[in-house]
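Okay, so here's the structure we're looking at.
Reminder, nothing fancy here: chain letters follow the sequence lines and each chain counts from 1.
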Amino acid sequence: MRAAIAGDAAAYRRFLEAVTPRLRALARRGCQRSGAPEAEAEDIVQEALLAIHLKRSTWDSARPIGPWISTIVRNKLIDTLRRRGHRISVPIDDVIETLEAAPQSDPLERQDVERLLAGLNPNQQAVVRAISIDGRSVRDTAARLGMAEGTIRVTLHRALKALAAIYRRGDEG
Amino acid sequence: MKTDDLIGMLSQDAAVGRGYSTILAAAMVAGIAGAALLFAMALPMRSNLMEMMDTPRVAFKFGTAVLLAVSAFGLVGVLGRPGIAGRGWSTALAAMPALILIAIASELAVSPSSDWMALLVGHNAIWCLTFIPMLAAGPLALLLLALRQGAPGNPGLAGAAAGLCASGIASTLYAMHCVDDSPLFVAAWYGLATLGVTVVGFLLGRSLLRW
């Protein structure tokens with residue numbers, strides 16, 4: 001993470017990949033304990049990853065990173081469960097429908113990509129599509145979309161912030 | 001979205017902007033500078049500021065205001081970072097009511113009871129209630145902006161701490177103008193102004209600092 005703070009993309013990727021199983025375990029345990037469907041855990045993992053990303057400057061590199069990560073996951077877990085609390089008020093027929101539908105969806109892809117993308121502006125959509133779904137690098141994307149690399153970076157950063165806001169609104173949005 | 005795709009996207013955005021501590025420190029410095037400028041333009045210093053500085057009443061007035069600003073600033077720093085317990089700063093803040101009560105008790109002990117009402121009402125309570133929130137507005141706004149870069153687990157509490165810190169800055173400045181030095185006046189009117197700014201900070205924090 002220290003190398004990642006310095007801007008090393010490869011080290012950062014390794015860090016995120018290393019921390020994800022732990023996030024998943026924390027999120028699953030939280031869901032089980034509160035009776036939330038386990039499929040919801042992956043949303044929490046993604047929200048936590050976005051939060052770790054956008055808030056990484058609040059980690060004091062002189063301290064161990066464990067408590068910092070745990071606190072972020074716990075906050076995201078509480079947020080999600082609170083949102084679920086809102087949904088308890090929907091008619092029971094709807095709930096049965098969601099319960100029946102839930103096991104069929106891919107647990108790794110619960111949040112519909114199209115629904116997430118719909119909340120972004122066209123430029124952000126193009127950049128997110130190219131980088132996340134087609135797996136291109138920033139340089140490739142810049143060449144393909146005919147924009148400067150710096151512009152792509154700024155657009156990507158804003159898109160990530162917008163995505164975090166979309167997650168935060170959850171199913172209410 | 002697949003989690004792996006998300007990780008790929010995040011790692012492409014690896015460059016980091018300024019750290020949270022830098023932003024917070026900049027907000028504090030700019031907040032103090034802005035409030036000091038406003039104070040210099042709007043209010044004259046009291047004429048005998050320097051010679052009054054070492055009287056116990058004036059020392060108490062400045063001491064509590066500075067302590068409030070410093071300890072609340074420390075708390076803002078801690079509350080914006082996940083996974084840190086800020087016991088030291090909370091203890092410093094929690095000591096303030098005790099300090100104020102001791103000052104009030106001493107004032108009541110040394111002054112005749114016939115003066116109490118006059119000491120409490122003072123000369124300029126309305127100015128105090130007007131200028132402290134005015135001077136606090138800039139620092140509060142800047143601290144809240146800085147906190148948006150942080151990750152407060154309890155947004156309302158973090159906003160309230162920002163309000164306390166801004167009140168501390170504003171009270172320190174206003175005390176250079178104000179000639180009402182009795183702890184009775186300070187506790188009542190500075191206290192009321194601080195409470196108002198803190199409540200505003202809490203409400204703003206609750207709506208602006210969610211992440």
I need the residue from [options] with the largest number of non-hydrogen atom pairs under 4.5 Å to chain B.
options                              : value
A:Thr71, A:Ile78, A:Leu54, A:Ile69   : A:Thr71
A:His53, A:Arg153, A:Glu47           : A:His53
A:Ile131, A:Leu156, A:Thr20, A:Asp60 : A:Leu156

Using heavy atoms and a sub-4.5 Å threshold, report which of residues 136-147 of chain A line up against chain B, by residue number.
-> A:Arg136, A:Ser137, A:Val138

Would you name the heavy atoms of [X] and [Y] that are closest together and state the gap between them?
X        : Y       : answer
B:Gly153 : A:Asn75 : CA-ND2, 3.6 Å
A:Thr58  : B:Arg81 : O-NH1, 2.7 Å
B:Leu10  : A:Leu49 : CD1-O, 3.7 Å
B:Trp211 : A:Lys55 : CB-CE, 3.8 Å

Is chain A contacted by the side chain of B:Ile23, its backbone, both, or neither, given a heavy-atom distance below 4.5 Å?
-> neither

To the nearest 0.5 Å, what is the distance between [atom1] ([X]) and [atom2] ([Y])?
X       : Y       : atom1 : atom2 : answer
A:Tyr12 : B:Asp13 : OH    : CG    : 7.5 Å
A:Gln46 : B:Thr3  : CD    : OG1   : 4.0 Å
B:Ile7  : A:Arg13 : CD1   : CZ    : 7.5 Å
A:Arg14 : B:Ser11 : CZ    : OG    : 11.0 Å

Quick one: what part of [X] sits under 4.5 Å from any heavy atom of chain B, side chain, backbone, both or neither?
X        : value
A:Leu16  : both
A:Leu163 : side chain
A:Val128 : both

In this structure, are over 12 heavy atoms from other groups packed under 6.0 Å from B:Arg148 atom CZ?
-> no

Evaluation steps, side chain to side chain donor-acceptor pair (under 3.5 Å), between A:Ser57 and B:Gln149 | CA-CA 8 Å; A:Ser57 78; B:Gln149 303 302 312; over 6 Å; no

Only counting residues at least two apart or in another chain, list the ones meeting salt bridge (Lys or Arg N to Asp or Glu O under 4.0 Å) with B:Arg210.
-> none

